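Keep in mind the model is a prediction, meaning the values are calculated, not measured. In what follows, residues are counted from 1 in the order of the sequence shown. Below, all heavy atoms of this structure are taken into account, side chains as well, without hydrogens, waters or symmetry copies. Remember, it's 1-based here, ligands and their atoms both numbered in the order they're listed.
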Amino acid sequence: MKCRVCRAPAVVEVRRHNAGFCRDCFLGHCRSQVERAVKEHRMMGPDDRVLVAVSGGKDSLALWDILVELGYRADGLYIGLGIDGYSGPSGEQARAFARARGLELLEVDLPADYGYDVRSGAAADRRVPCSACGLSKRHIFDRVAVQGGYDVVATGHNLDDEAAVLLGNVLRWDLAYLARQRPVLPGGEGFPRKVKPLVKLGEREMAAYCVLKGIDYQVEECPMAAGNRHLGYKEALNVIEERSPGAKASFYNGFLERGSELGAGTAAAEREGLHPCPSCGAPTTSAVCAFCKLVEKAGGDPRRRLPVSAR
Ligand code: Q46
Ligand code: ZN
């Protein structure tokens, strides 16, 4: 197979595009897919300060790398989740990446800074671990971004992630989640804009990007992911994609083109009645926000000072 762009021998095949690429043209393809997503969905401008949610995995490190190559002012934020055998090496990969490129990586560690980890927080708040984890991460990314004056938080959700979440939301016809499932969520009083610049790139493309770029990343998945519903949806979509290459992209892109207004009213209603949490200042519709409740139940302190960029 030859590179679609320059006709040199191809090293990566992207079946969805029925195309092969040589190393340099593949890296260029990834950058241009991110540029296109940013432009199409008006994710951010050249002067925006970007906070990248960095887990140490392939997607977030590739995203950070691409945004910096495209000229964005992008710092990283890594959150230590206290998950045995996973959080230690993930943090190491994130730190090594930032150190090698002279980039700024902010860090928050749930056990050291808030007195709980994903498992104990989940048990105290009677949630499944991924729910406690997601709540903690969303809250901390939002607070660090708002307090640090970042314009936007960028996450490494790729096409496979978004198609799997979409399948789950459609199977339940969860309109509130469908309304929030866009590549850009506008900011508001107390929360930053959130963007997903990798929505045009698949999981295998991100792994290939890291390998070809020499980016070491945490290959092991989080042990808590085993058995979660999203993995099942991903597997189901992979079976369909195997038979009909491009099905995943047309499922997700069709939603963006024709179905993304689903639940728009629900989303607007959710933002009404928001007020600052008396404990941490985050916008909430309850007396105290869900994060502060979780931290208090887990015996920690939600009023911890968050890290601020030194630049
Ligand atoms: S890190 Fe957290 Fe994921 Fe692990 S506990 Fe679940 S949500 S699976 S992205
Ligand atoms: Zn709060």
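- F97 carries R101 over the face of its six-membered ring, with the cationic atom under 6.0 Å from the centre and within 45° of the normal.
- With E296 contributing its side chain and K293 its backbone, the two residues share no donor-acceptor pair below 3.5 Å.
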Inset, instruction - Check the pair S90, S55 against side chain to side chain donor-acceptor pair (under 3.5 Å), reporting the backbone distance first and the verdict last. - result: CA-CA 6 Å; S90 306; S55 69; over 6 Å; no
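- In this structure, the protein non-hydrogen atom closest to atom 2 (Fe) of ligand 1 is C133 SG, 2.2 Å.
- Taking the six-membered ring for Trp and thresholds of 30 and 60 degrees, H139 and F291 have nearly parallel ring planes, at less than 30 degrees apart.
- For ligand 1, the atoms sitting less than 4.0 Å from at least one non-hydrogen atom of A225 are 8 (S), numbered in the order shown with element in parentheses.
- Residue K137 has at least one heavy-atom neighbour below 4.0 Å for each of these atoms of ligand 1: 1 (S), 2 (Fe), 9 (S).
- Of the possible donor and acceptor atoms, none in the side chain of Y252 sits under 3.5 Å from a partner among the backbone N and O of A163.
- Of all the listed residues (R119, M224, E221), M224 holds the heavy atom that lies closest to atom 5 (S) of ligand 1.
- At the shortest separation from atom 4 (Fe) of ligand 1 among protein heavy atoms lies C222 SG, 2.3 Å.
- Atom 6 (Fe) of ligand 1 has C130 SG, 2.2 Å as its closest protein atom, hydrogens excluded (heavy atom only).
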